[in-house]
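Along the sequence shown, residues are numbered consecutively beginning with 1. Values below: every heavy atom of this structure, side chains too, minus hydrogens, waters and symmetry copies.
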Amino acid sequence: MLGGGGVDGAIHRAAGHELFEACLKVPETRPGVRCPTGEARITPGFRLPARFVIHTVGPVYRDGRHGEPAKLAACYRNALALAVANGCASVAFPCISTGVYGYPPEAASEIAVREVKAFLAENPHVAVTFCCFSDRALETYRARVSFAGTGLGVRRTAASVLY
């Protein structure tokens with residue numbers, strides 16, 4: 001949430017220093033933690049072409065038997081709940097936890113598509129897109145979305161788009 005590496009860092013660089021300052025204003029739930037794993041927080045989008053940034057922290061993958069699937073599912077549910085509560089017409093998700101947190105893309109995409117599909121059944125007016133930063137992720141998420149028969153979008157996004 002404070003602009004480290006990966007997608008988080010790219011979003012912070014694109015949004016400008018105001019995003020970092022807004023994140024510092026989010027109260028800590030415990031020392032050094034503003035958004036516990038599986039929860040979500042919202043800030044303005046500042047210089048991004050989005051009104052908001054919905055922050056969520058995915059689980060670090062160990063072996064899939066330490067609560068990782070439930071925590072990853074909670075990321076999507078909680079982020080989508082914030083989107084609806086704030087009147088968002090669209091949401092774009094990166095492939096949460098599949099980078100340095102090591103979540104296998106095949107397993108992560110199954111959870112992501114399942115959660116988003118359930119959300120869209122209740123909220124068909126919200127457009128949801130998975131933004132994939134690698135060809136492997138793109139193929140994995142596109143196959144999962146196609147198999148699920150949903151109206152979800154999947155697109156390849158270069159990290160440089162966010163800089």
Side-chain angles (χ1 to χ4, degrees), residues 1 4-15 19 35-43 45 48-163:
M1 191 169 174
V7 173
D8 186 42
I11 289 170
H12 274 262
R13 286 187 293 277
L19 179 58
C35 185
T37 302
E39 294 185 16
R41 303 290 188 267
I42 193 167
T43 62
L48 293 170
R51 271 190 314 163
F52 301 108
V53 174
I54 299 176
H55 309 263
T56 190
V57 179
V60 173
Y61 188 81
R62 290 172 62 187
D63 59 10
R65 292 179 281 192
H66 290 86
E68 300 99 312
K71 289 176 184 173
L72 184 58
C75 288
Y76 289 97
R77 284 194 305 273
N78 290 324
L80 290 164
L82 272 178
V84 168
N86 286 275
C88 297
S90 63
V91 179
F93 282 111
C95 304
I96 299 171
S97 283
T98 62
V100 296
Y101 283 8
Y103 216 110
E106 296 78 13
S109 66
E110 180 179 353
I111 293 165
V113 171
R114 180 189 72 221
E115 294 303 321
V116 172
K117 185 177 178 183
F119 167 81
L120 289 174
E122 301 289 322
N123 301 276
H125 60 283
V126 179
V128 180
T129 301
F130 292 108
C131 296
C132 302
F133 289 87
S134 72
D135 290 334
R136 177 180 178 218
L138 178 67
E139 292 170 16
T140 301
Y141 278 71
R142 191 173 275 161
R144 183 71 62 190
V145 164
S146 176
F147 179 75
T150 66
L152 289 167
V154 181
R155 68 184 181 113
R156 174 76 159 85
T157 304
S160 61
V161 168
L162 296 173
Y163 294 111

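Taken to the nearest 0.5 Å, the OG1 atom of Thr37 stands 7.0 Å off from the OH atom of Tyr101. Interatomic distance, Thr43 OG1 to Leu19 CG, rounded to the nearest 0.5 Å: 4.5 Å. In this structure, Glu122 CD and Leu80 CG are separated by 12.5 Å, a value rounded to the nearest 0.5 Å. One finds the CD atom of Glu115 at 8.5 Å from the CG atom of Leu72 (value rounded to the nearest 0.5 Å). Atom CD1 of Ile111 and atom CZ of Arg77 lie 10.0 Å apart (nearest 0.5 Å).
Between Phe130 and Tyr141, the ring-plane angle classifies as tilted under the 30° and 60° cut-offs.
Salt-bridge annotation for Arg156 and Glu139: absent, with no side-chain N of the basic residue lying under 4.0 Å from a carboxylate O of the acidic one.
Pairing each heavy atom of Asn78 with each of Gly38, the nearest pair is ND2-O, 2.7 Å. Closest approach of Leu48 and Ala14 over heavy atoms only: CD2-CB, 3.5 Å. The heavy-atom pair separating Ala79 from Phe93 by the smallest distance is CB-CE2, 3.8 Å. Counting all heavy atoms, side chain and backbone alike, Arg41 lies closest to Pro36 at NH2-CD, 3.5 Å. In terms of heavy atoms, Cys35 sits closest to Met1 at CB-SD, 3.8 Å. Considering every non-hydrogen atom in both Arg114 and Ala73, the closest pair reads NH2-CB, 3.8 Å.
Within the 4.5 Å cutoff, the side chain of Pro104 has heavy atoms near those of the Tyr61 side chain. Using a 4.5 Å heavy-atom threshold, the side chains of Ser90 and Thr129 count as separate. Taking the side chain as every heavy atom from C-beta outward, Leu82 and Phe52 never approach each other to under 4.5 Å.
No donor-acceptor distance shorter than 3.5 angstrom exists from the side chain of Asn86 to the backbone of Cys88, with no hydrogens or angles considered. Put simply, the side chain of Thr56 gets close to the backbone of Glu39: a donor and an acceptor are under 3.5 Å apart. Distance alone, capped at 3.5 Å, is enough to place a donor-acceptor pair between the Arg144 side chain and the Glu106 backbone. A donor-acceptor pair under 3.5 Å is formed between the side chain of Arg51 and the backbone N or O of Gly87. The backbone N or O of Tyr103 lies less than 3.5 Å from no partner atom in the side chain of Glu68, so there is not a single donor-acceptor pair.
Partners of Asp8 by side chain to side chain contact (heavy atoms under 4.5 Å, CB included), not counting sequence neighbours, listed by chain and number: His12.
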